[in-house]
Amino acid sequence: MAKVRVRFAPSPTGFFHIGSARTALFNWLYARHTGGVFVLRIEDTDKERNSEQFLNVIYDSLTWLGLNWDEGPGVGGDFGPYRQSERGLVYREYLEKLKAAGRTYEKDGAIFFRLLGERHEVYDEHRKKTVTKVGNTPAVIDDRIRGRVERTEDEDFVIVRSDGNPVFHFVNVVDDITMRITHVIRGEDHLSNTSKHVELFKALGAPVPEYAHIPLILKQNGPGKMSKRDQGALIEEYQRRGFLPEALVNFLCLLGWNPGDDREKMPIAEIIRLFDLPGVNQSNARFDEKKLAHMNLAYLLELPPDRFVEQARAFFARLPAGATAAAAAKADESYFREVMLLSQPKVKGIEELPAYTAYFFCEDFPIDPKVREKVMAKDDPKARLAELIELAKSADFSTDAAIEAAIKDLAARNGAGFGDYQAVARLAVSGTNVGPSITGLFRVLGRERVLRRLVRFAA
RNA sequence: GUCCCCAUCGUCUAGCCCGGUCAGGACGCCUCCCUUUCACGGAGAGAACCGGGGUUCGAAUCCCCGUGGGGACGCCA
């Protein structure tokens, strides 16, 4: 059997959004599952809307997601060039084939593709004008996801604009032929276009590829499919917010596909092993950022320490200039690491880290007045504070266990509970009532900082 | 308006192809437990087969019709 060749063919006319990412992902998965080839092709025939900047968004997003391409810009391949703007000669050659077959005609300066069949005029309600319909035979699409779909293409359509540039339907088909694409996996929004493509394949005497139209991703609130302007639509936003690409990829896999059992969080290698076209759903899926956040957290919690710190470091580095960013940047590398690892099991995302850890890096952190009121209303916090200051002067700060033992001992001697010390100590050293365990807090902050903050707070 | 696709908890979904288990899991929500704050974690509750016909002893599952949702109808891709 011929080797599977799939392609992802984005147009650099907008941002790279979640729907495009999933289309790319499903193509990539299918290529990896079958041992086939994943081609990246840039559909930049619309000169009005293209820009180099958008091209980089595509490359960056795919790379970040780990969707490496086997052929395409940057890596080459035997069927290039891989940007449509550089394939004019190929299109001309195939246009000649259509012309020679008598399947084209010129009108209003543009070149139309001629369908086979009887012609008659009819008034089109939607476009409010009379159009020429063709009594064509239906195109049969054997869709790997949807089954047999019939659709009749009944109007000639433009394949070359009056400015001489070929349009999407034509170049898409020509490229799929010349790049030997065996499976076209794309969004369901293209299903209606497929009859045009089938007509072109036939007219060019080329075999029609296998089709697989995947369901669309609907916006989480309101009607319609997700578009680049919707909340949470852009891949670069997840990247910027410190989401883990493996979590996003895992989440995206589950939008329209499942392994056939209850498993959700699974390594990409396992997904590759199990992924197949018949397993893809037929119905559209609504995007749910809460579930994505949950998936991200699950990955975050088990991220190896080195990678977690690396992610945190990168996130801090991109932070807009400010007190926390500056202080963290100046912080000792091992201290930064300890602070981040202490916070890893506590935060729900990398993006929470700066706010969550701010007091580790500066001395002028705010004291939450509401928390202060609550804590100071408890049983003799001033005495507890004084006792803690004494403890901080002499206790062993080297391990959590040592700190815990010291505080417990203190509590026992003064007829108080661990909690009586915990709350006031936390308030004094961090200004809040949330954070890592008090023992971890003491250990990482270190004796000097803890003592200084306790004394200052007591004053 | 025409054409195409789809239809199980609020959401993602299993089950459907090859009719017969209290329709299963996950997210979210709520309750409880754990606890040194906050999270994490654990336990539990609540929550669905769009409607109507048919076929059948029996339909979430097969067929038809509605309805609903989505998409396409550009010299955009």
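Chain naming here is simple, since letters A, B, ... match the order of the sequence lines and numbering starts at 1 in each.
- No engagement by A:His213 is indicated, since no non-hydrogen atom pair under 4.0 Å with the nucleic acid exists.
- Between the side chains of A:His190 and A:Asn193, a donor-acceptor pair is found at a separation under 3.5 Å.
- Judged purely by atom type and a 3.5 angstrom limit, A:Glu210 has no side-chain atom pairing as donor or acceptor with the backbone of A:Val184.
- Rounded to a whole angstrom, the distance from the C1' atom of B:G44 to that of B:U37 is 25 Å.
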Produce the list of close N/O pairs, under 3.5 Å, pairing protein atoms with atoms of nucleotides 32-37 of chain B; give distances to one decimal.
| residue | atom | partner | partner atom | Å |
| --- | --- | --- | --- | --- |
| B:U36 | O4 | A:Glu404 | OE1 | 3.0 |
| B:U36 | O4 | A:Glu404 | OE2 | 3.4 |
| B:U37 | O4' | A:Gln422 | NE2 | 3.3 |
| B:U37 | O2' | A:Asn433 | O | 2.3 |
| B:U37 | O2 | A:Asn433 | O | 3.2 |
| B:U37 | O2 | A:Gly435 | N | 3.1 |
| B:U37 | O2 | A:Gly435 | O | 3.4 |
| B:U37 | N3 | A:Arg426 | NH2 | 3.2 |
| B:U37 | N3 | A:Gly435 | O | 2.6 |
| B:U37 | O4 | A:Lys346 | NZ | 3.0 |
| B:U37 | O4 | A:Gly435 | O | 3.4 |
| B:U37 | O4 | A:Ser437 | N | 3.3 |

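- A salt bridge does not link A:Glu199 with A:Lys202: every distance from a Lys NZ or Arg NE/NH1/NH2 to an Asp or Glu carboxylate oxygen is 4.0 Å or more.
- Across all strands shown, A:Ala285 has heavy atoms under 4.0 Å from sugar-phosphate atoms exclusively, and none from any base.
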Detail all sub-3.5 Å separations between protein N/O atoms and N/O atoms belonging to nucleotides 40-46 of chain B.
| residue | atom | partner | partner atom | Å |
| --- | --- | --- | --- | --- |
| B:C40 | OP1 | A:Lys348 | NZ | 3.4 |

Every protein N/O lying under 3.5 Å from an N/O of nucleotides 4-6 of chain B:
| residue | atom | partner | partner atom | Å |
| --- | --- | --- | --- | --- |
| B:C5 | O2' | A:Arg146 | NH1 | 2.3 |
| B:C5 | O2' | A:Glu188 | OE2 | 2.8 |
| B:C6 | OP1 | A:Gln282 | OE1 | 3.2 |

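- A distance of about 34 Å separates the P atoms of B:U31 and B:G69, rounded to the whole Å.
- Pairs of residues two or more places apart, or lying in two chains, that qualify as salt bridge (charged side-chain N to carboxylate O under 4.0 Å, His left out) and include a residue from residues 80-90 of chain A are A:Asp44-A:Arg83, A:Glu52-A:Arg83, A:Arg87-A:Asp175.
- Within the nucleic acid shown, A:Asn193 comes within 4.0 Å of at least one base atom, counting heavy atoms only.
- At a threshold of 4.0 angstrom between heavy atoms, the contacts of A:Arg127 are confined to the sugar-phosphate backbone, with no base atom among them.
- Atom C1' of B:A14 sits at a distance of 37 Å from the matching atom of B:U2, rounded to the whole Å.
- Going from the C1' atom of B:U36 to that of B:A43 covers 23 Å, rounded to whole Å.
- Using a 4.0 Å cut-off on heavy atoms, none of the residues of residues 134-144 of chain A approach RNA chain B.
- A donor atom on one side chain and an acceptor atom on the other are found under 3.5 Å apart for A:Thr439 and A:Ser437.
- In summary, the aromatic rings of A:Phe442 and A:Phe397 are positioned with their centroids under 6.0 Å apart.
- Looking at residues two or more places apart in sequence or on another chain, you find a salt bridge (Lys or Arg N to Asp or Glu O under 4.0 Å) between A:Asp261 and A:Arg263.
- In the model, A:Asp156 has a side-chain atom that pairs as donor or acceptor with a side-chain atom of A:Tyr105 under 3.5 Å.
- Separation of the C1' atoms belonging to B:U8 and B:G1 is 33 Å when rounded to the nearest angstrom.
- Within the 4.0 angstrom heavy-atom criterion, no nucleotide atom of any strand lies near A:Gly109.
- If you check every strand for non-hydrogen atoms under 4.0 Å, A:Gly417 touches nothing.
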